Trainee: 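Handing you a structure now.
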Number of protein chains: 2
Amino acid sequence: MTRPLLTTILFGLLLAVLAILLQFFEYRYLVGSLNTSVYTSVVATIFTGVGIWLGVSLFRKKKQDKQEQVDLTILRKLKLNQREYEILGLIAKGFSNQEIADQLFLALPTIKTHVSNLYSKMGVQSRTQAIHKARSMRLI
Amino acid sequence: MTRPLLTTILFGLLLAVLAILLQFFEYRYLVGSLNTSVYTSVVATIFTGVGIWLGVSLFRKKKQDKQEQVDLTILRKLKLNQREYEILGLIAKGFSNQEIADQLFLALPTIKTHVSNLYSKMGVQSRTQAIHKARSMRLI
DNA sequence: TGCGATTTCATACTTAAGTATGAAGCAATT
DNA sequence: AATTGCTTCATACTTAAGTATGAAATCGCA
């Protein structure tokens with residue numbers, strides 16, 4: 001949310017600086033009846049560069065913002081609690097129930113319970129389904 | 001591989017057309033001592049637009065190419081054959097061995113064999129590990 | 001303080017996944 | 001003709017995953 005504002009300000013400043021420079025060039029060289037083709041080329045080149053920078057910036061920003069939004073919204077919709085969400089992440093990283101139990105210093109049956117509840121809330125019956133659904137919802 | 005070429009050609013043509021238009025404007029209005037600020041603004045605006053278009057195009061192309069490259073390169077490195085790669089995709093979509101067998105009109109033991117060979121080649125022991133590794137390698 | 005949600009663990013069971021081994025047909029290559 | 005790789009299937013076994021049920025401790029909130 002903070003980045004597009006920064007981009008806008010930077011772009012505005014850049015435009016202002018360029019405007020001043022252009023005015024300067026206009027009255028010193030161009031009106032002094034120098035080659036206008038050169039002047040045109042310079043303007044075109046500079047603003048092509050500005051455009052490229054703008055295009056790339058805007059394109060990248062748009063993609064980042066989308067991801068962060070869906071994250072928390074769907075988490076509340078599914079009503080996953082902290083442990084379940086934590087375990088979902090470990091499942092997606094390819095860990096087995098036993099490995100998860102070891103990492104979290106918990107017993108295997110505990111993990112199984114969490115996993116089972118997690119599946120119920122997500123509406124799936126296996127880890128691969130859970131991973132796929134979580135990915136399609138951009139939870140992970 | 002065909003697209004960057006197209007972009008280059010289009011950009012070249014656009015530049016040529018703009019150059020001709022600019023020449024036209026130069027000698028009809030500008031040298032006719034009309035307002036040069038307006039002329040400058042027009043040039044700047046047009047080329048900013050061109051730049052944005054170029055920037056977005058190039059950025060998107062670069063991302064696509066990267067994915068397709070790694071795709072085939074690592075595929076050869078792992079020496080996965082067609083069936084194995086196909087089944088890897090279905091596994092990542094959350095399907096069970098039985099579901100995969102039904103979809104491909106094959107027997108369950110056949111799928112198990114492919115899956116087992118797939119794991120050997122990928123250096124994993126479970127579907128979740130395979131999915132995670134495939135994702136980290138941008139195979140899927 | 002009582003209640004709901006969270007978190008933990010256990011036991012028992014069914015089903016799916018994963019491994020090993022063998023085998024057979026088929027296509028392409030040497 | 002022989003070899004190599006791909007694809008298919010089978011059988012048998014071990015292990016992990018998933019389900020169901022019950023229970024107990026903890027924590028936040030009304």
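Owing to the predicted nature of the structure, the values given are computational and were not obtained by experimental measurement. Below, read A as the first sequence line, B as the second, and so on, with proteins coming before strands; counting in each chain starts at 1.
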Trainee: To the nearest angstrom, how far is A:Asn81 atom CG from D:dT26 atom P?
Mentor: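 About 19 Å, once rounded to whole Å.
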Trainee: Between atom CD in B:Gln125 and atom C1' in D:dA17, what is the gap in whole Å?
Mentor: 16 Å
Trainee: To the nearest Å, how far apart are B:Gln129 CD and D:dA17 C1'?
Mentor: 14 Å
Trainee: How close or far is atom P of C:dT15 from atom OH of A:Tyr119, stated in whole angstroms?
Mentor: 18 Å
Trainee: B:Lys121 has an atom NZ; how far is it from atom C1' of C:dT19, in whole Å?
Mentor: 17 Å
Trainee: Near DNA chain D, under 4.0 Å by heavy atom, which residues of residues 92-101 of chain A?
Mentor: A:Ser96, A:Asn97
Trainee: In whole angstroms, how far is the C1' atom of C:dA5 from the CG atom of A:Leu118?
Mentor: 17 Å
Trainee: Starting from C1' on D:dC6, measure out to CD on B:Glu86 and report it in whole angstrom.
Mentor: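 Distance check: B:Glu86 CD to D:dC6 C1' gives 13 Å.
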Trainee: Compare all side-chain heavy atoms of B:Leu104 with those of B:Glu86 and state whether any distance is below 4.5 angstrom.
Mentor: yes
Trainee: Which nucleotide in the set C:dT6, D:dG18, D:dT8 lies at the smallest distance from any side-chain heavy atom of B:Arg83?
Mentor: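 Of all the options, the side chain of B:Arg83 is nearest to D:dT8.
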Trainee: Separation of A:Asn117 atom CG from C:dT6 atom P, in whole Å?
Mentor: 10 Å
Trainee: I'd like to know if the side chain of A:Tyr119 and the backbone of A:Arg127 have a donor-acceptor N/O pair within less than 3.5 Å.
Mentor: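 Yes; judged by distance alone, with no hydrogens or angles, the pair exists.
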Trainee: Under 4.0 Å, heavy atom to any atom of DNA chain C: which of residues 103-115 of chain A qualify?
Mentor: A:Leu106, A:Ala107, A:Pro109, A:Thr110, A:Thr113, A:His114
